[in-house]
Amino acid sequence: MKSGLMFVKLANPCSGEGAIYLFNVCLQQLFEIKVFKEKHHSWFINQSVQSEGQLHFATPMDPLFLVLHYLKKADKEGKFQPLDQVVVDDMFPNCTLLLKFPELEKFLHHVTEEKEIDSKKYYKYSKEKTLKWLEKKVGQTAAALKASHVPVGARVQSAAFVPGDQASGDKEEDYICYAHGLISEYLPKELSDDLAKY
Amino acid sequence: MDLRELERDNTGRCRLSSPVPAACRQEPCVLGVDEAGRGPVLGPMVYAICYCPLSRLADLEALKVADSKTLSESERDRLFAKMEEDGDFVGWALDVLSPNLISTSMLGRVKYNLNSLSHDTAVGLVQYALDQGVKVTQVFVDTVGLPETYQERLQRRFPDLEVTVKAKADALFPVVSAASICAKVARDQAVKSWQFIEELHDLDADYGSGYPNDPKTKAWLRKHVEPVFGFPQFVRFSWRTAQSILEKEAEAVTWEDSTADQEGSGKITSYFLSEGPRPRLPHRYFLERGLEPATAL
Amino acid sequence: LLPCAVPRNRPAPVSRFFTPAV
């Protein structure tokens, strides 16, 4: 807390189950936390070998994916609502922290219709806008995968055994399909299917 | 013999060779292949070729390059020096195969056994002589594994050369004796000047003959085993002797594929019948990297 | 990355057998 870092449990937008996220209050940034797990591993730590322990990675993540989860849920009511009435969750009350990202308001229009009444903003989930936004995300991800030579074609056993030149044979649609799958890790299944069709 | 290249990196394959004598480019030549250090658990294995014009075979013989096994190390060094002096009609080339290369070949995911490694190295050296313009017409080789299969494989690989694979070739054919001397001289020198890449404390230089059944070598192995990292790379991990000492004295290590085999032995139907709704598999990007969402800290 | 485990916690002369590389 002193360092402005907070680990909180929020709903993973894909599975709906609780997952750990890191809020960096100073940087105004959200990180997802991934754990490196391999069945057989030990660690060399300084001059020793340790058989237990796990390695956690904190990776920057767009909070919009987490807010999307609540916007979609609220869409059932089919009406415009203030954001603080949408992002509510008695199972993961810390979701209100998401509203503290000033950037969020700026990007909400990617996935919502907006209305302003008496200088108060109301939002409603927009599927069309969301799909357009996600299409761009897939494009950016595909480009990043290609730039960093991630093999996307043939199945590989483990990233540690990939011979360097394998990625060169991968086709454009392999990258798009792979990027869609990767992004779907942050989407509810229904939206992932819509995006695949789109 | 200049082994600086080997001293710079002794973890792989190191090729050394003499210049090609002019006569060997013009006249039909005889070429002998032999090896040194096949049996020891310590140090590299060396494959060497030696060649000379057919017309100068008698001069090579006159060098008294008898069966290298009967010669002492100093006599071998002396004979090798003489061969170098007769550089105008004798040429040689050799491959030093490091213990690390031998072990990783034998223990790798795709097994590469010692006979195949030896065959391929011999073939590589004969091809190297041909590539350098030596007019090789006859090749004499000592046996490695079954003589017939080796003979047939070499003959098929070099159809327009006359290949002879024979046991005890190093005693029968002077070019094979000469190759054997090159190989032994190279191995002796490589072992003597071995650069340990590991920082070993109180390294004992006297490890006996290096053969697995030599009690001195066994004691040396036992003394230099590190429980987590095993032996220095001077040792051939794939040798039975080394493995049994590791099993007794070093930490157990479990490898991924060794357990996977056991798991694999389930019923074939288990691969097709799904038990209830199959959970949505994480994307292969994360699967391949062993990354999962953290659900607790 | 080596897919193997030494199921122990104990000292090991790591710096004598591994040289860090960038």
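No experiment lies behind these values; they were computed from the predicted model shown. Atoms considered below: every heavy atom in the structure, side chains included; atoms not considered: hydrogens, waters and symmetry mates.
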- Item | Closest contact, heavy atoms only, B:Val228 versus C:Pro11 |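 Closest approach of B:Val228 to C:Pro11, heavy atoms only: CG2-O, 4.4 Å.
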- Query: Closest approach of C:Pro7 and B:Ala252, non-hydrogen atoms and distance?
  - Reply: CD-O, 3.4 Å
- Just wondering, more than 12 heavy atoms not from B:Tyr128 lying within 6.0 Å of its OH? yes
- Query: chain C heavy atoms under 4.5 Å from B:Glu198: which part of the residue, side chain, backbone, both or neither?
  - Reply: both
- Query: Is the shortest side-chain N to carboxylate O distance from B:Glu226 to C:Arg16 below 4.0 Å?
  - Reply: no
- Look at the aromatic rings of C:Phe18 and B:Phe229 and report parallel, tilted or perpendicular, splitting at 30° and 60°. perpendicular
- With only heavy atoms counted, which part of C:Thr19 is less than 4.5 Å from chain B, the side chain, the backbone, both or neither? neither
